[in-house]
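Below: one structure, written as structure tokens.
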Amino acid sequence: MVGRSPSIQVSEVKYITAEAVHSGAAEIALKGKIRTILLPNRLCRKLQKYARQQKIASGEIFITQSGTGMDRKQIWAEMKKLCRLAGVERGKVYHHNLRSLFARSFYSTCHDVVRLADVLGHSSIETTRIYLLSTGKEYIRQLDKLGLVQQRHNCCFVPFLC
């Protein structure tokens with residue numbers, strides 16, 4: 001599968017290299033799939049600046065002090081440190097929550113589950129739909145927006161409630 005995706009998983013962070021940042025795209029080969037991660041220009045500029053500050057000329061961008069690539073636990077620990085600075089409750093900070101937030105934000109902009117599946121690198125739309133499941137509160141808020149139960153001159157749209 002070849003897809004173009006700005007969304008990566010923690011296991012794919014190692015593919016964000018100085019070379020990928022320079023070209024604006026990272027090629028990811030995992031689980032029998034090949035995906036092209038397109039890196040927006042603004043992100044590339046920020047990553048290039050970060051790489052210069054860290055004296056990284058080639059290879060992985062996200063590395064430890066010893067120069068090895070960051071693993072899942074190290075990324076999680078860094079996120080926990082950042083949550084304090086961002087004022088986010090520590091218990092809500094998980095890497096997959098960011099991916100879910102991205103999926104919901106992307107979908108709210110384009111309303112295209114097929115495109116979202118491609119962006120997330122899913123081969124099944126059913127997997128993508130999991131990201132879009134609404135909570136009960138969200139569902140009720142959406143129903144309220146429909147305005148099906150409104151009072152108008154002592155009568156509402158549900159006749160037996162008037």
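Once rounded to the nearest 0.5 Å, the distance linking CG of L47 with NE2 of H22 reads 14.0 Å. The structure places CG of L116 at 7.5 Å from CZ of F102, a figure rounded to the nearest 0.5 Å. Between E12 atom CD and K14 atom NZ the span is 9.5 Å, to the nearest 0.5 Å. The distance from the SG atom of C83 to the NZ atom of K92 is 12.0 Å, given to the nearest 0.5 Å. Here the CD-CD1 distance, from E19 to I61, works out to 8.0 Å after rounding to the nearest 0.5 Å. Residue K49 holds its NZ atom at 8.0 Å from CZ of R52, rounded to the nearest 0.5 Å.
Nearest heavy-atom pair across A18 and A57 is CB-O, 3.6 Å. Closest heavy-atom contact between M70 and I63: CG-C, 3.8 Å. Nearest heavy-atom pair, C44 versus G24, reported as atom, atom and distance to 0.1 Å: SG-CA, 3.9 Å.
Clustering ILVMFWY residues whenever any of their side-chain heavy atoms sit less than 4.5 angstrom apart, transitively, puts L101 in a cluster other than the one holding M79.
More than 12 heavy atoms of other residues, nucleotides or ligands shown are found within 6.0 angstrom of NZ on K80.
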Check step by step if side-chain contact (heavy atoms from CB on, under 4.5 Å) holds for R99 and L120. CA-CA 9 Å; R99 188 166 160 85; L120 294 175; 3.6 Å; yes

Quick one: do E78 and F62 satisfy side-chain contact (heavy atoms from CB on, under 4.5 Å)? Show the steps, please. CA-CA 11 Å; E78 289 298 319; F62 301 104; over 6 Å; no

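L82 belongs to a hydrophobic cluster whose other members, connected by ILVMFWY side-chain contacts under 4.5 Å either directly or through intermediates, are L85. Counting side-chain heavy-atom gaps under 4.5 Å among Ile, Leu, Val, Met, Phe, Trp and Tyr, I130 is found in no cluster with other residues.
Taking 4.5 Å as the limit, every side-chain heavy atom of Y15 sits out of range of all side-chain heavy atoms of I37. The shortest distance between side-chain heavy atoms of I16 and L39 falls below 4.5 Å.
There is no side-chain donor-acceptor pair under 3.5 Å between Y107 and R115. Under 3.5 Å, the side chains of T17 and E60 contain no donor-acceptor pair of N or O atoms.
Between the T109 side chain and the S105 main chain, a donor and an acceptor come within less than 3.5 Å of each other.
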